[in-house]
Number of protein chains: 2
Amino acid sequence: MRGLPDLESLRLLVDVGELGSLGRAAKAAGIAQPSASKRVAQLERRLGVPLLERTPRGSTLTTEGKMVAGWAAQVLAAAEELMRAVAAVRHAGRAHLRVAASMTVAEYLVPRWLGELQHREPDVQVGLDVVNSADVAARVLGGDVELGFVEGPSVPEGLASRVVGTDRLVVVVAPGHPWARRRTALRGAELAATPLVVREPGSGTRETLELAFSGLHRAGPRLELGSNSAVKGAAQAGAAPAVLSAYAVEAEVAAGRLVEVPLAGLDLGRRLCAVWRRGRSLTAPAATLLSVATQR
Amino acid sequence: MRGLPDLESLRLLVDVGELGSLGRAAKAAGIAQPSASKRVAQLERRLGVPLLERTPRGSTLTTEGKMVAGWAAQVLAAAEELMRAVAAVRHAGRAHLRVAASMTVAEYLVPRWLGELQHREPDVQVGLDVVNSADVAARVLGGDVELGFVEGPSVPEGLASRVVGTDRLVVVVAPGHPWARRRTALRGAELAATPLVVREPGSGTRETLELAFSGLHRAGPRLELGSNSAVKGAAQAGAAPAVLSAYAVEAEVAAGRLVEVPLAGLDLGRRLCAVWRRGRSLTAPAATLLSVATQR
DNA sequence: CTAGGTTACGGCTAACGTAAGGATG
DNA sequence: CATCCTTACGTTAGCCGTAACCTAG
């Protein structure tokens with residue numbers, strides 16, 4: 001099993017499952033039927049598993065095919081979220097509905113919302129600016145964007161807000177780190193006195209951490225890095241414990257590449273809030289997006 | 001924005017972000033540096049967004065690049081789960097650790113577990129059989145597989161078991177269906193008297209539904225279909241309300257393509273259980289998998 | 001005969017590697 | 001001048017569409 005599969009072939013497989021024949025799936029993909037046949041055959045070779053039961057009256061998925069189609073649908077859903085989010089970033093300036101979001105919200109929440117919004121309001125083009133929390137507030141107040149999404153702890157002045165979710169910072173270490181097998185919760189004072197891998201000053205993650213550490217005796221950071229993935233990489237390499245958003249490390253923790261250390265006596269929760277100009281009524285698409293965001 | 005991006009290019013982008021230069025990312029991918037340069041450039045053209053800040057001392061991700069890399073990492077994680085799961089299906093027979101799982105568990109839970117198991121026990125090859133719940137029990141009792149995973153409601157005789165998660169059946173309709181705007185919860189009797197789109201008899205989903213309907217006056221099914229995706233397709237087309245696992249419709253509900261109808265007075269929850277031969281001790285890899293599965 | 005499938009073949013796109021050219025500390 | 005990136009170029013591999021053939025109801 002070398003290379004990763006290509007998404008077009010996975011889409012083709014899913015379509016065959018739903019439409020019942022290679023020919024119809026080919027039409028849906030805008031290619032000729034023999035091309036679709038060959039692509040699926042190649043996918044079967046590459047995965048080493050038979051996927052279709054072919055008959056002169058159509059094709060149905062084998063048991064393995066149903067499984068693969070199910071897993072493929074999840075890959076495709078993630079890919080489509082990516083494409084929608086990229087489209088929103090590209091249209092940042094000239095869109096019908098302009099919003100700004102901080103990194104964490106933009107990365108983990110916004111793509112989902114866009115999917116549902118697009119379904120409810122198919123014609124609305126969303127433009128997305130990704131900036132830090134302070135800039136989100138500035139753009140909303142300045143009227144550059146209609147709606148903003150920020151991560152706590154503080155909600156800026158002069159803005160109406162609604163909580164749309166909660167996040168918390170977590171301490172993670174490489175699986176080989178002594179703390180990975182800890183059974184007793186880590187105390188805040190102990191964490192503060194340990195050199196850590198953290199995000200750069202000014203990021204929402206760092207600010208939440210600084211606030212929680214205030215008043216504690218503390219060690220300087222071991223490493224300051226400018227992106228979540230860089231911090232994760234350093235933690236996995238065993239450099240030191242890292243502090244990051246629970247969203248950001250979800251996948252690594254699920255896969256066992258990082259281990260979350262239980263923590264006590266330190267509040268690292270933070271609200272994720274939608275904000276808009278106080279007293280100004282929202283346009284219809286903005287109200288829809290807000291309602292979508294609030295429901296999840 | 002036509003076609004979907006290809007996964008190799010996304011991997012390349014993520015690697016550039018983590019490794020700091022196109023050259024190192026190229027080496028990681030096993031291709032020449034100019035090829036990597038061209039691929040990323042093509043990705044930028046295709047997405048219509050600048051992704052890299054190129055300098056003579058390396059390349060760093062732009063703000064948009066960091067976003068895209070974050071979203072790409074999620075797509076890649078899903079793709080890798082798919083590949084691991086396919087490998088397990090392919091090795092069904094001749095693996096070190098052989099397990100059997102029913103559809104729902106195999107589709108939504110097993111890929112995650114495999115990721116973590118592979119991390120904890122890198123050398124273990126897992127073989128996965130996907131069969132219905134009754135067959136899972138038979139294979140465990142017959143010694144064909146060491147561990148099984150079934151969806152309730154009944155736990156087979158003669159097997160030790162442990163609950164590894166919970167699922168529930170949900171009622172979903174197309175967004176245009178009258179029930180989509182319902183505010184009051186649906187009563188069990190009303191649901192039973194409505195023609196539905198359901199899975200075929202013998203599937204775990206169908207059995208749970210039949211059990212819940214027992215004693216109620218009921219209408220026949222509107223459609224019986226052999227796969228979750230077929231049922232979802234019919235529901236989206238507006239054929240009738242459908243009843244499916246919450247896991248199965250998660251993505252569609254999040255994207256607004258299906259709407260969940262609130263339900264009262266009918267217990268459609270079901271436990272997902274690991275099962276093994278009573279009195280037989282588990283091998284080390286099986287025990288590890290069980291512990292991984294139990295923790296999530 | 002129709003509706004579905006595969007095989008065969010020629011054309012073209014696209015990805016690769018090597019080699020050469022340009023910028024920046 | 002060392003490093004990293006890009007452009008140029010020739011080769012190769014893979015995908016596509018058309019056409020021909022096969023099979024079952």
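Chain identifiers are assigned alphabetically (A, B, ...) following the order of the sequence lines, protein sequences preceding nucleic acid strands; residue numbering begins at 1 within each chain. Side chains included, hydrogens not; waters and symmetry mates left out as well; all remaining heavy atoms used.
Residues from residues 9-33 of chain A lying near DNA chain D, meaning a heavy-atom separation below 4.0 Å, are Gly30(A), Ile31(A), Ala32(A) in numerical order. Proximity of residues 34-45 of chain B to DNA chain C (heavy atom under 4.0 angstrom from any strand atom) is restricted to Pro34(B), Ser35(B), Lys38(B), Arg39(B), Gln42(B).
Between Arg257(A) and Glu116(B) there is no salt bridge, since none of the side-chain N atoms of the basic residue sits less than 4.0 Å from a carboxylate O of the acidic one. Ionic pairing of Glu81(B) and Arg112(B) is present here: one or more N-O contacts between side-chain nitrogen and carboxylate oxygen are shorter than 4.0 angstrom.
We find that CZ of Arg57(B) is positioned 18 Å from C1' of dG22(C), with the value rounded to whole Å.
Comparing the start and finish of the helix from dC1(C)-dG25(D) to dA20(C)-dT6(D), five pairs each, the helix axis swings through 30°, to the nearest 10 degrees.
Residues forming a side chain to side chain contact (heavy atoms under 4.5 Å, CB included) with Ala234(A) (at least two apart in sequence, or on another chain): Val197(A), Leu223(A), Leu225(A), Ala239(A). Evaluation of the side-chain hydrogen bond (donor to acceptor under 3.5 Å, both in side chains) rule for Thr104(A) yields Glu151(A) as partners, not counting sequence neighbours. Partners of Glu44(B) by side-chain hydrogen bond (donor to acceptor under 3.5 Å, both in side chains), not counting sequence neighbours, listed by chain and number: Arg54(B).
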Using residues 56-63 of chain B as the side-chain source, report each donor-acceptor pair under 3.5 Å to any protein atom, sequence neighbours left out, with the distance given to one decimal.
from	atom 1	to	atom 2	distance (Å)
Thr62(B)	OG1	Pro50(B)	O	2.9
Thr62(B)	OG1	Leu51(B)	O	3.2
Thr62(B)	OG1	Glu64(B)	OE1	3.3
Thr62(B)	OG1	Gly65(B)	N	2.9

Using residues 24-31 of chain A as the side-chain source, report each donor-acceptor pair under 3.5 Å to any protein atom, sequence neighbours left out, with the distance given to one decimal.
from	atom 1	to	atom 2	distance (Å)
Arg24(A)	NE	Leu19(A)	O	2.9
Arg24(A)	NH2	Leu19(A)	O	3.1

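From the 5' end on, the contacts that DNA chain D makes with chain B at under 4.0 Å to a non-hydrogen atom open and close at dT3(D) to dT7(D).
Screening residues 233-244 of chain B for salt bridge (Lys or Arg N to Asp or Glu O under 4.0 Å) gives no qualifying pairs among residues at least two apart or on separate chains. For residues 33-43 of chain A, the salt bridge (Lys or Arg N to Asp or Glu O under 4.0 Å) pairs, not counting sequence neighbours, are Asp6(A)-Arg39(A). Counting only residues at least two apart or on different chains, the salt bridge (Lys or Arg N to Asp or Glu O under 4.0 Å) pairs with a member in residues 229-239 of chain B are Lys232(B)-Glu252(B).
A heavy-atom distance below 4.5 Å is not found between the side chains of Arg84(B) and Pro111(B). Looking only at side-chain heavy atoms (C-beta outward), Val198(A) and Val231(A) stay at 4.5 Å or farther from each other. With a 4.5 Å cut-off on side-chain heavy atoms, Val110(B) and Val126(B) do not count as touching.
Here Thr55(A) does not reach the OP1 or OP2 of dG5(C): none of its side-chain N or O atoms lies under 4.0 Å away.
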